[in-house]
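Contents: one structure, followed by commentary.
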Amino acid sequence: MEDQVPSSNIPQETGSYYQSPEGPRFQNPAEFAAAQQQVAQQTPPMPDFQEMRRLALEQAIQQVTQQPAPQAPVPQQVPNAQPPVQPYVEPEVKTVYVRRNLTLAEILVVFALASGLVLGVQGIWSFATDLLPRIEIREK
C-alpha cells in the first residue's frame, strides 16, 4: 500500500511536458512547442461561414432564374362536349383492431366508477334497511 501513488498526484515519467496524462510526453519545452505547432498546422482552418452563405444564396438565385415556372397545359374546349362521367367506387374499408394496455388515466376512471357503484349500492341498501323502518307515520 505504501508503494501506491495518491490519485491527485500524476506519476512523473521521463518527460514532464504533456497535454493529458494519456497523451505523449516531451523532454523539454522546445519539443512541446514544436509538437503544438505541428498540431496547429494539421488542423484545418475554420470555414468562412459568411462566404459560404453568400455562395449558397447566389447558387439558389441562379437555380430559380434559370428554371422557368412550370406551365400547366390548357385543355382545349370542344363545344357541346360533355366530360366523361366516371362511376364512384367506394374504397374498401379494412378494419384493424389493435389490442393495447390501459393508460393510467383509464385505470383511474375505471377504479372511480367501480368504487362509486359499490359505495352507491351499499348506501342505498343501508338507507332502505336501517332508516326507512324508523320513519313513523302519525295520524291526527
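Scope of the values below: all heavy atoms of this structure, side chains included, with no hydrogens, waters or symmetry mates. All residue numbers refer to positions in the sequence shown, counting from 1.
L117 belongs to no multi-residue hydrophobic cluster, having no ILVMFWY side-chain contact under 4.5 Å with any other such residue. Residue V118 belongs to no hydrophobic cluster, having no ILVMFWY side-chain heavy atom closer than 4.5 Å to its own. F127 shares a hydrophobic cluster with L131, L132, I135; the chain of contacts runs through ILVMFWY side chains whose heavy atoms sit under 4.5 Å apart. Hydrophobic cluster of L102: the remaining members, joined at side-chain heavy-atom separations below 4.5 Å, are I107, listed by chain and number.
For E51, the side-chain hydrogen bond (donor to acceptor under 3.5 Å, both in side chains) partners at least two apart in sequence or on another chain are R54. Listed by chain and number, the residues in a side chain to side chain contact (heavy atoms under 4.5 Å, CB included) with F49 are M46, P47, M52 (sequence neighbours excluded). Among residues two or more places apart in sequence or in another chain, the side-chain hydrogen bond (donor to acceptor under 3.5 Å, both in side chains) test is passed with N101 by none. Residues satisfying the salt bridge (Lys or Arg N to Asp or Glu O under 4.0 Å) criterion with E92, sequence neighbours excluded, are absent altogether. Legend: residues meeting side-chain hydrogen bond (donor to acceptor under 3.5 Å, both in side chains) with E136, ordered by chain and number and at least two apart, are absent.
Residue pairs meeting the side chain to side chain donor-acceptor pair (under 3.5 Å) criterion with at least one member in residues 124-134, sequence neighbours excluded: D130-R134. Within the structure, salt bridge (Lys or Arg N to Asp or Glu O under 4.0 Å) contacts touching residues 26-42 (residues at least two apart or in different chains) do not occur. Annotation: salt bridge (Lys or Arg N to Asp or Glu O under 4.0 Å) contacts involving residues 105-125, sequence neighbours excluded, comprise R100-E106.
Listed for the S115 side chain is no donor-acceptor partner under 3.5 Å among the backbone atoms of A112.
For the atom pair CG (L108) and CG (L113), the distance works out to 11.0 Å, reported to the nearest 0.5 Å.
V98 has its side chain within reach of V96: a pair of non-hydrogen atoms, C-beta onward, lies under 4.5 Å apart.
Within 6.0 Å of atom CD in E58, more than 12 heavy atoms from other residues, nucleotides or ligands are found, so the atom counts as buried in its surroundings.
Taking each heavy atom of A128 and P133 in turn, the nearest pair found is O-CD, 3.7 Å.
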